[in-house]
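What you see is a predicted model, and the numbers here were worked out from it, not measured in a lab.
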Amino acid sequence: MRTKRHCRNPPPPSNQTPRRIGEDRISALPDAVLIHILSYLPVIDAVKTGVLSKRWARLWTWTPNLVFDQLGEWDEKSNNFVPFIDAFLVLHSSPKIQKLALDLDYKGKRLHLDSSLNKWLHFATRRAAEELNLQLSDLGYFHSWDFRGPVERYLLPSFIYTNNSMKRLDMSFIDVQPPDAVSWPFLQSLSIRSAFISESTIQKILLGSPQLNLLELNNCEGFDLLHIDSKSLKRLVIHGIWYPTWGTDVLQISAPNILSLEISGHFYKRKVQLLDLSSLVDVIINLQLWVEDRYCLLVEYSNILREILQKIRHVEKLTVGATSIKQIVTLATLAHQIIPTSKDALVADYWDIKRGGGHWNL
């Protein structure tokens, strides 16, 4: 007897058009989505998408993030980098940009690059950029390992000190010398690396940046005292100096309103002295000894570290780097003292410690 076959019911008709093999679904996305995707690419790669089709031909001219990386994307001997940026900015269509980032070798090119840099920053100002990232590297400075020679730095143009759109500024090998007052009403984060910046300039920046939350000074020179009474600044990062070519043997820090402090890197023979840090809650300490540093003897280093720890006895969380841990142990052995007893964990390179209710036992 033949069994009856049960046929499945046919699927209900679909309102969706079946996908064709090889269909370009990405190009079917709205312009705003495609431009958002392009914003994550370096500019040179975004421009290359213009050859895909007519649809893509000029989408790259609307990308809001302009990232020009000479060191990562261009031949070191290429002379096309500056003309490329000039041409790109002429063709750029968006009336506003989110970010302008420049990473290039500045050494020996000052006369050639200064006018171009000024022009590019003018462009960013006119397009109301919210983030400026100026990494003007001096490759010879790093490769030679001779930090005592003269350093070429770009003088930040005067018009940049009045800016009503900038929220984040990150720069290296820059001379920061505002002619008058600074007006950065919406700046929230400022990071300066390998730059000369005076105490008076720091005060102008603090006065003109009422929303500044983070200040990072990385291998900078030009100041002996950091006196910060800003109400908005909550995190301060001081990362060493390259070589003690300027100032006294003492760097003093007074910041009664900050909540977080990081002190790291090489300070050579300069002593870090903490003054008023009464609101401090979170501290990272990772002072490092230079292998060939003849100025910083072990005992002197340990004494500096002990003075720092004594000034932050009230903090709730202390993170100590591996190098500093070794010096704490040495200090404890030499002085017959004990290291802080209330600790959470000892992990790889850092030791995180939280205060349990009492003070550090130093």
Side-chain angles (χ1 to χ4, degrees), residues 64-68 85 89 92 94-103 106 113-136 153-239 253-261 279:
N65 295 332
L66 311 185
V67 179
F68 301 96
I85 297 178
L89 298 185
H92 195 266
S94 177
K96 175 176 171 53
I97 63 173
Q98 182 71 24
K99 174 182 180 179
L100 174 64
L102 299 165
D103 194 337
Y106 183 73
L113 282 178
D114 278 7
S115 60
S116 294
L117 287 166
N118 291 343
K119 179 171 56 178
W120 300 338
L121 290 180
H122 261 300
F123 173 89
T125 302
R126 292 194 306 269
R127 302 295 175 96
E130 296 184 10
E131 180 177 348
L132 291 179
N133 192 320
L134 311 175
Q135 304 303 318
L136 309 185
R153 295 189 176 107
Y154 169 62
L155 180 63
L156 203 63
S158 59
F159 66 82
I160 211 71
Y161 294 104
T162 299
N163 189 302
N164 294 325
S165 60
M166 188 167 57
K167 295 182 179 179
R168 179 174 178 178
L169 177 58
D170 190 335
M171 51 189 176
S172 66
F173 286 97
I174 304 288
D175 267 350
V176 186
Q177 300 180 30
D180 298 304
V182 173
S183 179
W184 292 336
F186 298 104
L187 186 68
Q188 298 172 8
S189 174
L190 175 60
S191 178
I192 305 176
R193 179 174 177 268
S194 301
F196 184 93
I197 180 169
S198 67
E199 295 171 15
S200 61
T201 293
I202 293 174
Q203 291 305 312
K204 288 180 181 180
I205 291 173
L206 294 173
L207 288 173
S209 308
Q211 295 192 37
L212 187 63
N213 180 266
L214 167 65
L215 175 61
E216 180 177 1
L217 300 174
N218 189 328
N219 297 314
C220 292
E221 60 179 342
F223 54 89
D224 292 322
L225 170 64
L226 274 178
H227 178 66
I228 300 173
D229 56 7
S230 168
K231 301 294 184 182
S232 64
L233 192 70
K234 299 304 178 185
R235 176 163 172 75
L236 175 64
V237 177
I238 308 295
H239 184 83
I253 302 174
S254 176
N257 298 314
I258 66 168
L259 302 178
S260 177
L261 172 67
S279 299

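Every residue was checked against the side-chain hydrogen bond (donor to acceptor under 3.5 Å, both in side chains) condition with Ser116, not counting sequence neighbours, and none meets it. Scanning for salt bridge (Lys or Arg N to Asp or Glu O under 4.0 Å) contacts around Arg126 gives an empty result, with sequence neighbours left out. Among residues two or more places apart in sequence or in another chain, the side-chain hydrogen bond (donor to acceptor under 3.5 Å, both in side chains) test is passed with Asn133 by Gln135. Ser198 pairs by the side-chain hydrogen bond (donor to acceptor under 3.5 Å, both in side chains) definition with Ser200, Thr201, not counting sequence neighbours. Under the rule for a salt bridge (Lys or Arg N to Asp or Glu O under 4.0 Å), the partners of Glu130 that lie at least two apart in sequence or sit in another chain are Lys96, Lys167. Ser260 meets the side-chain hydrogen bond (donor to acceptor under 3.5 Å, both in side chains) test with Arg235; sequence neighbours excluded.
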For this session: Evaluate the criterion side-chain contact (heavy atoms from CB on, under 4.5 Å) for residue pair His227 and Ser254; output intermediate values, then yes/no.
Result: CA-CA 5 Å; His227 178 66; Ser254 176; 3.6 Å; yes

Exercise. side-chain contact (heavy atoms from CB on, under 4.5 Å) between Trp120 and Leu102: does it pass, once the steps are laid out?
Worked result: CA-CA 9 Å; Trp120 300 338; Leu102 299 165; 3.7 Å; yes

For this session: Could you check Asn218 against Ile192 for side-chain contact (heavy atoms from CB on, under 4.5 Å), going step by step and ending with a plain yes or no?
Result: CA-CA 6 Å; Asn218 189 328; Ile192 305 176; over 6 Å; no

For this session: Could you go through the side-chain contact (heavy atoms from CB on, under 4.5 Å) check for Leu136 and Leu117 one step at a time?
Result: CA-CA 10 Å; Leu136 309 185; Leu117 287 166; 3.9 Å; yes

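Interatomic distance, Asp103 CG to Leu134 CG, rounded to the nearest 0.5 Å: 10.0 Å. Ile197 contributes atom CD1, which lies 6.0 Å from atom CG of Leu217 (distance to the nearest 0.5 angstrom).
Partner of Met166 under the side chain to side chain contact (heavy atoms under 4.5 Å, CB included) criterion, out of Leu190, Leu132, Thr125: Leu132 alone.
For the pair Ser232 and Asn213, the minimum side-chain heavy-atom distance is 4.5 Å or more. At least one side-chain heavy atom of Arg127 sits under 4.5 Å from a side-chain heavy atom of His92. In this structure, Val237 and Leu215 have side chains that are not in contact, with every pair of non-hydrogen atoms separated by 4.5 Å or more.
Under 4.0 Å is where a charged nitrogen must lie from a carboxylate oxygen, and between Glu221 and Arg193 no such pair does.
Side-chain atoms of Ser279 come within 3.5 Å of backbone atoms of Pro256 as a donor-acceptor pair (strictly under, hydrogens ignored). For the pair Ser94 (side chain) and Ile97 (backbone), a donor-acceptor distance under 3.5 Å is absent.
Ring geometry for His122 versus Phe159: interplanar angle under 30°, hence parallel rather than tilted (30 to 60°).
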